Amino acid sequence: CNLKVKFCEGEESEMIIGSSDLTGKIPVKTTRYLFQKEEAGRNIELCYDLLGSENIQTFSLKIQLFFSEEK
């Protein structure tokens with residue numbers, strides 16, 4: 001399943017979900033996007049609403065990427 005979406009704080013966009021046969025779109029509103037670049041890694045905070053005709057689902061993610069010289 002392919003997933004494509006562009007997150008821009010305060011803006012609405014579309015989440016495109018699909019496979020080789022079927023494709024669908026869900027309206028998305030990004031309520032918060034924060035990217036922090038640090039020497040040891042990156043921190044991303046993302047909050048967005050999936051908009052629909054009946055109910056809105058809110059998602060909140062915190063993503064941390066760590067870099068290390070160890071292999």
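Owing to the predicted nature of the structure, the values given are computational and were not obtained by experimental measurement.
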When Arg42 is tested against each of Gln36, Gln64, Lys37 for side-chain contact (heavy atoms from CB on, under 4.5 Å), which residue passes?
->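 With Arg42 as partner, side-chain contact (heavy atoms from CB on, under 4.5 Å) holds for just one option, Lys37.
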Output the distance between atom SG (Cys47) and atom CD (Glu9), rounded to the nearest 0.5 Å.
->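 One gets 9.0 Å once the value is rounded to the nearest 0.5 Å.
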Considering residues at least two apart in sequence or located in another chain, which fulfil the side-chain contact (heavy atoms from CB on, under 4.5 Å) criterion with Phe59?
->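 Per chain and number, Phe59 pairs via side-chain contact (heavy atoms from CB on, under 4.5 Å) with Tyr48, Leu50, Gln57.
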Cluster question for you: counting only ILVMFWY and a side-chain heavy-atom cut-off of under 4.5 Å, with indirect links fine, are Phe7 and Ile56 together?
->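 Phe7 does not cluster with Ile56.
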Find out if a path of hydrophobic residues (ILVMFWY) with successive side-chain heavy-atom gaps under 4.5 Å connects Ile17 to Leu61.
->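 Yes, Ile17 and Leu61 fall within the same hydrophobic cluster.
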What closest approach, in Å, do [X] and [Y] show between heavy atoms, and which atom pair accounts for it?
X	Y	value
Thr23	Ile16	CG2-CG2, 3.7 Å
Ser13	Val5	OG-CG2, 4.1 Å
Leu3	Met15	CD1-CG, 3.4 Å
Gly10	Lys29	O-CE, 4.3 Å

Side-chain heavy-atom pair Leu46, Ile63 within 4.5 angstrom cut-off =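 No; the side chains remain at least 4.5 Å from each other.
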